[in-house]
**Q** 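Below: one structure in structure tokens.
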Amino acid sequence: MMAWTDRHCRYFHRLLAPHALLYTEMVTANALVHGDVAHHLDFDAREAPVVLQLGGSDPLHLAHAARLGERWGYAEINLNCGCPSERVVEGAFGACLMQDPERVADCVLAMREAVTIPVTIKHRIGIDRIEDYAFVQRFVSVTASAGCETFIVHARNAWLSGLSPKENREIPPLRHDVVRRLKLDFPHLKIVLNGGLGDVAGIVASLAGVDGVMIGRAAYQQPFLLARLEAALYGGALPSREQIALRMAEYLRDYLKRDAHAQVRHVVRHMLGLFHGEPSARAWRRVLSDARILSAANDAIIGQALDAMATRGADQSILPGFISPSGSSAALI
Ligand SMILES: Cc1cc2nc3c(=O)[nH]c(=O)nc-3n(C[C@H](O)[C@H](O)[C@H](O)COP(=O)(O)O)c2cc1C
């Protein structure tokens with residue numbers, strides 16, 4: 001998810017869900033052809049397996065970008081055919097590509113020839129007011145014939161004019177039945193359901209009749225859901241939120257040491273929802289989102305936020321001057 005699932009977020013989510021397949025934000029093929037490749041593609045091996053999502057519609061550019069993705073160690077390449085933003089539509093990729101499955105098939109073929117890892121597609125169930133099942137069925141059929149075997153389906157239409165990207169994730173009606181019908185029609189393909197999933201029981205139930213689920217906003221806004229889901233699906237002990245927070249403090253410490261441009265907020269902004277639903281969640285969020293505290297903070301801020309929760313908002317203890325300059329927080333580890 002753009003501006004959300006960067007490498008720091010993925011490292012955090014990997015701690016919560018060791019079995020999940022994680023995705024990058026969409027990276028345009030052009031950015032990899034013309035831009036700073038390492039900036040876009042570098043990631044920590046401990047995040048693996050990670051899927052690189054590409055945006056684009058030029059088979060040659062996409063093939064080049066996919067090749068780079070494989071070289072960088074990504075597990076799969078995913079082509080975005082679901083993003084409705086105007087910028088993306090002007091560039092003739094994202095959801096508007098659903099109108100041209102033959103072009104998407106050419107892109108898939110070019111990428112498959114360039115890499116040995118799987119090439120997958122993420123798409124919607126239709127565009128604008130096309131509610132006809134035959135539209136999405138043909139899209140899957142044509143692109144599957146180019147060798148795409150996995151489809152992640154956001155179970156809503158994308159309305160290409162009149163709605164913001166945010167509204168396009170909320171207003172077009174959610175139709176999980178269309179995704180299940182795709183699985184019935186294409187039993188040999190892997191069909192992954194996406195859209196509106198947000199609680200463990202609902203997600204586990206949604207797995208019936210499809211090959212997997214993708215969780216977007218709920219995973220970001222209530223990340224501990226991932227740990228609960230991991231425990232429900234794969235067993236094993238549920239970690240505590242505090243344990244996860246302390247492991248992120250170690251990660252933050254390494255990041256601050258390693259990267260001259262590192263900033264505390266790059267990491268902690270993804271962690272605001274860790275205590276979602278807990279009585280002291282506000283104290284946690286307040287420390288980690290306070291610009292004054294963040295500007296003077298080091299890795300000890302995570303311990304400070306845990307302390308603030310324990311004392312429920314003891315403002316005195318979280319003033320910047322109280323943060324240990326060494327960043328050590330031995331008492332917390
Ligand atoms: C902030 C934000 C950024 C997103 N960026 C992308 C993106 O880069 N690529 C993509 O395929 N979907 C993107 N999405 C859509 C989600 O992947 C997902 O399809 C959508 O939110 C519906 O799933 P959910 O109800 O589980 O959130 C984004 C969603 C949000 C909220």
**Q** Show your working on side chain to side chain contact (heavy atoms under 4.5 Å, CB included) between T24 and Y74 and close with a plain yes or no.
**A** CA-CA 10 Å; T24 64; Y74 286 93; 3.5 Å; yes
**Q** Apart from L184 itself, which Ile, Leu, Val, Met, Phe, Trp or Tyr residues share its cluster (side-chain heavy atoms under 4.5 Å, direct or through members)?
**A** none
**Q** Between V136 and H123, does the side chain to side chain contact (heavy atoms under 4.5 Å, CB included) criterion hold? Intermediate values first, please.
**A** CA-CA 9 Å; V136 67; H123 63 99; 3.7 Å; yes
**Q** Is it true that a side-chain atom of N157 and a backbone atom of I130 form a donor plus acceptor pair closer than 3.5 Å?
**A** yes
**Q** Excluding sequence neighbours, so at least two apart, what forms side-chain contact (heavy atoms from CB on, under 4.5 Å) with E170?
**A** K166, R217
**Q** Please tell me whether V192 and V140 are part of a single hydrophobic cluster in this structure, the criterion being side-chain heavy atoms less than 4.5 Å apart.
**A** no
**Q** So, does H176 use its side chain to make a donor-acceptor pair with the main chain of G195 at under 3.5 Å?
**A** yes
**Q** Could you report the tightest heavy-atom contact between W72 and L41, atom names first, then the distance?
**A** CD1-O, 3.3 Å
**Q** Should the heavy atoms of other residues, nucleotides or ligands under 6.0 Å from CZ of R247 be counted, would the total exceed 12?
**A** no
**Q** Is D6 salt-bridged to R269, cutoff N-O under 4.0 Å?
**A** yes
**Q** Crowded around E149 CD? As in, over 12 foreign heavy atoms under 6.0 Å?
**A** no
**Q** How long is the span from the CG atom in L79 to the CG atom in L54, to the nearest 0.5 Å?
**A** 7.0 Å
**Q** For H19 together with Y234, are the ring centres under 6.0 Å from each other?
**A** yes
**Q** For S295, is there any backbone N or O sitting under 3.5 Å from a side-chain donor or acceptor partner on R265?
**A** no
**Q** Is there a donor-acceptor pair under 3.5 Å between the side chain of Q99 and the backbone N or O of C96?
**A** yes
**Q** Side chains of W159 and N168: donor-acceptor distance under 3.5 Å anywhere?
**A** no
**Q** Return the CG to CD1 distance between L306 and I301, rounded to the nearest 0.5 Å.
**A** 11.0 Å
**Q** Do the side chain of R175 and the main chain of A155 share a donor and acceptor less than 3.5 angstrom apart?
**A** no
**Q** Is there a donor-acceptor pair closer than 3.5 Å between any side-chain N or O of R14 and the backbone N or O of A17?
**A** yes
**Q** Nearest 0.5 Å please: distance from the CD atom of Q243 over to the CG atom of L238.
**A** 9.0 Å
**Q** Is there a salt bridge (Lys or Arg N to Asp or Glu O under 4.0 Å) between D44 and R7 once you walk through the steps?
**A** CA-CA 7 Å; D44 189 316; R7 52 186 300 181; 5.2 Å; no
**Q** Tell me every residue that passes ring pair (Phe, Tyr, Trp, His ring centres under 6.0 Å) with F275, counting only those two or more places apart in sequence or in another chain.
**A** W284
**Q** Quick check: is V213 connected to V179 through a chain of hydrophobic side chains (ILVMFWY, heavy atoms under 4.5 Å apart)?
**A** yes
**Q** Just verifying a value: how many Å separate R124 CZ and I152 CD1, rounded to the nearest 0.5 Å?
**A** 14.0 Å
**Q** Would you give the length of the straight line joining atom CD1 of I121 to atom CG of N78, rounded to the nearest 0.5 angstrom?
**A** 8.0 Å
**Q** Between E70 and R67 (side chain of the first, backbone of the second, donor and acceptor by atom type, cut-off under 3.5 Å), is there such a pair?
**A** no
**Q** Would you say H188 has more than 12 foreign heavy atoms packed within less than 6.0 Å of its NE2?
**A** yes
**Q** Should V142 and I191 be counted in the same cluster of Ile, Leu, Val, Met, Phe, Trp and Tyr side chains packed under 4.5 Å apart?
**A** no
**Q** Would L256 end up clustered with I302 when hydrophobic side chains under 4.5 Å apart are linked, directly or stepwise?
**A** yes
**Q** Tell me if the NZ atom of K183 is crowded by more than 12 foreign heavy atoms within 6.0 Å.
**A** yes
**Q** Identify the heavy atoms of G147 and V108 that sit nearest to each other, and give their distance.
**A** C-CG1, 4.4 Å
**Q** Does D211 come within less than 4.0 Å of K190, counting only side-chain N to carboxylate O?
**A** no
**Q** For R103 and S57, run side chain to side chain contact (heavy atoms under 4.5 Å, CB included): C-alpha distance rounded to whole Å, both residues' side-chain angles, the deciding distance at 0.1 Å, then the answer.
**A** CA-CA 7 Å; R103 182 167 193 96; S57 58; 3.7 Å; yes
**Q** Dump the intermediate steps for side chain to side chain contact (heavy atoms under 4.5 Å, CB included) on V287 and V268, then the final yes or no.
**A** CA-CA 10 Å; V287 175; V268 300; over 6 Å; no
**Q** Checking one residue: M1. Which other hydrophobic residues are in its cluster under the side-chain 4.5 Å linking rule?
**A** W4, Y220
**Q** How close do A92 and L97 get, counting heavy atoms only, and between which atoms?
**A** O-CD2, 3.8 Å
**Q** Using atom types as modelled and distance alone, determine if a side-chain donor or acceptor of D132 lies under 3.5 Å from a backbone N or O of F135.
**A** no
**Q** Would you confirm whether S141, through its side chain, and Q137, through its main-chain N or O, come within 3.5 Å as a donor-acceptor pair?
**A** no
**Q** Walk me through whether R138 and E102 qualify under salt bridge (Lys or Arg N to Asp or Glu O under 4.0 Å).
**A** CA-CA 10 Å; R138 184 171 127 68; E102 285 76 14; 2.7 Å; yes
**Q** Can you tell me which residue among L233, I215, L193 is in a side chain to side chain contact (heavy atoms under 4.5 Å, CB included) with I203?
**A** I215
**Q** I need the H64 NE2 to L32 CG distance, nearest 0.5 Å.
**A** 7.0 Å
**Q** Kindly work out whether a path of hydrophobic side-chain contacts (I/L/V/M/F/W/Y, heavy atoms less than 4.5 Å apart) joins L174 to I127.
**A** no
**Q** Which residues pass the ring pair (Phe, Tyr, Trp, His ring centres under 6.0 Å) test with Y251, sequence neighbours left out?
**A** H8, Y11
**Q** Short question: side chain of R241, backbone of L274 - any donor-acceptor pair under 3.5 Å?
**A** yes
**Q** What pairs with K257 under salt bridge (charged side-chain N to carboxylate O under 4.0 Å, His left out), at least two apart in sequence or on another chain?
**A** none
**Q** So does H34 have more than 12 non-hydrogen atoms from other groups sitting under 6.0 Å from NE2?
**A** yes
